[in-house]
Amino acid sequence: QATEDRIYKMWEESGAFKADVTSKKEPFTISMPPPNATGQLHLGHAVMLAIEDILIRTARMQGKEVLWLPGTDHAAIATESVVIKKIQQEEKMRDPRATLGREEVLRRIADFVEDSRGTIRGQVRKMGASCDWSRERYTMEPTLNRCVNEVFTKMYKDELMYRGHRIVNWDPKMQT
């Protein structure tokens, strides 16, 4: 265990996983499908990471300029559900939203997400994934939100999506 941690740290510090934006080499990029910040990784994540790492390392050996962009997803409704259930179990609280108020629930969700993201980062590193941690992203970052909004607006203006009347799935328990 100590050897793995030491070697991975050495890899990171050497810059072996960082892409050079000024490189003239053929680029090869994978954006890690961001795991939800709802807890820990599972076997499906491990398989995905192994396959992507094989592709990334192969591209490096082929002389390409490689970027594997890591990140996590806030998974808003799923994360809220996990945190609400946790509060209900640990604090014997029937309706945390009503008892604690919106701001406190949001603060606890943010704390949970940050802890969970730390766990996920550690698990991805333990698998030896050769991603560029200096560029890690989180789906709730303001810059990513701005990008999503810009692309959404462009797709709407290009008539690639439209507004219409549809049945909406409603969760009466979560009120979502």
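Everything quoted here is computed from the prediction, not taken from an experiment. Excluded from the calculations below are hydrogen atoms, water molecules and symmetry mates; all remaining heavy atoms, backbone and side chain alike, are included.
The closest donor-acceptor contact from the side chain of T119 to the backbone of Q40 lies at 3.5 Å or more, if one exists at all. Checking side-chain atoms of R135 against main-chain N and O of A19 turns up a donor-acceptor pair under 3.5 Å. Checked by atom type and distance alone, the side chain of Q123 pairs as donor or acceptor with a backbone atom of L41 at under 3.5 Å. A donor-acceptor contact shorter than 3.5 Å links the side chain of E141 to the backbone of Y138. Between the side chain of S81 and the backbone N or O of I77, no donor-acceptor pair lies under 3.5 Å. No donor-acceptor pair closer than 3.5 Å links the side chain of E136 to the backbone N or O of G71. Judged by distance alone, the side chain of D53 and the main-chain N or O of S130 form a donor-acceptor pair under 3.5 Å.
The environment of NZ in K126 is crowded: more than 12 heavy-atom neighbours from other residues, nucleotides or ligands sit within 6.0 Å. Around NZ of K64, the count of heavy atoms belonging to other residues, nucleotides or ligands within 6.0 Å exceeds 12.
In this pair, Y8 and F17 present their aromatic rings tilted. The plane angle is within the 30 to 60° band.
L106 CG to E80 CD: the interatomic distance, rounded to the nearest 0.5 Å, is 8.0 Å. Between the OG1 atom in T72 and the CE atom in M140 there is a gap of 11.5 Å [rounded to 0.5 Å]. With values rounded to the nearest 0.5 angstrom, I109 atom CD1 is found 11.5 Å from K86 atom NZ. Summarising the geometry, atom NE2 belonging to H45 is positioned 7.0 Å from atom CD1 belonging to I120; distances are rounded to the nearest 0.5 Å. Atom CZ of residue R60 and atom OG1 of residue T58 lie 10.5 Å apart, to the nearest 0.5 angstrom. Taking CG of L100 as the reference point, atom CG of D95 lies at 9.0 Å (rounded to 0.5 Å).
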May I have the list of side-chain donor-acceptor pairs in residues 157-170 shorter than 3.5 Å, sequence neighbours left out?
| unit_1 | atom_1 | unit_2 | atom_2 | d |
| --- | --- | --- | --- | --- |
| D158 | OD2 | K154 | NZ | 2.7 |
| Y162 | OH | R166 | NH2 | 3.1 |

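Of all heavy-atom pairs spanning P33 and E52, the tightest one is CD-OE2, 2.9 Å. A46 and M127 get closest at one heavy-atom pair: O-CE, 3.4 Å. Residues E65 and D20 approach most closely at OE2-N, 2.7 Å, considering heavy atoms. Residues I56 and W68 approach most closely at CD1-CB, 3.6 Å, considering heavy atoms. The heavy-atom pair separating C131 from M32 by the smallest distance is SG-CE, 4.0 Å. When all heavy atoms of K25 and G63 are compared, the pair lying nearest together is CD-O, 3.2 Å.
Under the 4.5 Å side-chain heavy-atom criterion for grouping Ile, Leu, Val, Met, Phe, Trp and Tyr, L144 is not connected to I30 through any hydrophobic cluster. Under the 4.5 Å side-chain heavy-atom criterion for Ile, Leu, Val, Met, Phe, Trp and Tyr, I51 and L43 are members of distinct hydrophobic clusters. Cluster membership for L49 and V47, using ILVMFWY side-chain heavy atoms within less than 4.5 angstrom, is shared. V148 and Y156 are members of different hydrophobic clusters when ILVMFWY side chains are connected at heavy-atom separations under 4.5 Å. By the criterion of side-chain heavy atoms lying less than 4.5 angstrom apart, applied directly or through intervening Ile, Leu, Val, Met, Phe, Trp or Tyr residues, V105 is grouped together with V83 in one hydrophobic cluster.
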**Message:** Under the criterion salt bridge (Lys or Arg N to Asp or Glu O under 4.0 Å), I'd like the reasoning laid out for R121 against E114: C-alpha separation, chi angles, the key distance, then a yes or no.
**Reply:** CA-CA 10 Å; R121 280 187 206 105; E114 194 51 43; 3.7 Å; yes
**Prompt:** Is there a salt bridge (Lys or Arg N to Asp or Glu O under 4.0 Å) between D111 and R107 once you walk through the steps?
**Reply:** CA-CA 6 Å; D111 290 347; R107 187 193 65 74; 2.5 Å; yes
**Request:** For side chain to side chain contact (heavy atoms under 4.5 Å, CB included), just list the numbers for R125 and W133, CA-CA rounded to whole Å, side-chain angles, deciding distance to a tenth of an Å, and then say yes or no.
**Result:** CA-CA 10 Å; R125 281 183 167 100; W133 291 103; 3.3 Å; yes
**Prompt:** When you look at I84 and R97, which way does the side chain to side chain contact (heavy atoms under 4.5 Å, CB included) test go after all the steps?
**Reply:** CA-CA 8 Å; I84 292 295; R97 285 182 218 89; 3.8 Å; yes
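Residues passing the side chain to side chain contact (heavy atoms under 4.5 Å, CB included) test with P34 are D73, T139, sequence neighbours excluded.
No side-chain donor from either of S31 and R137 sits under 3.5 Å from a side-chain acceptor of the other.
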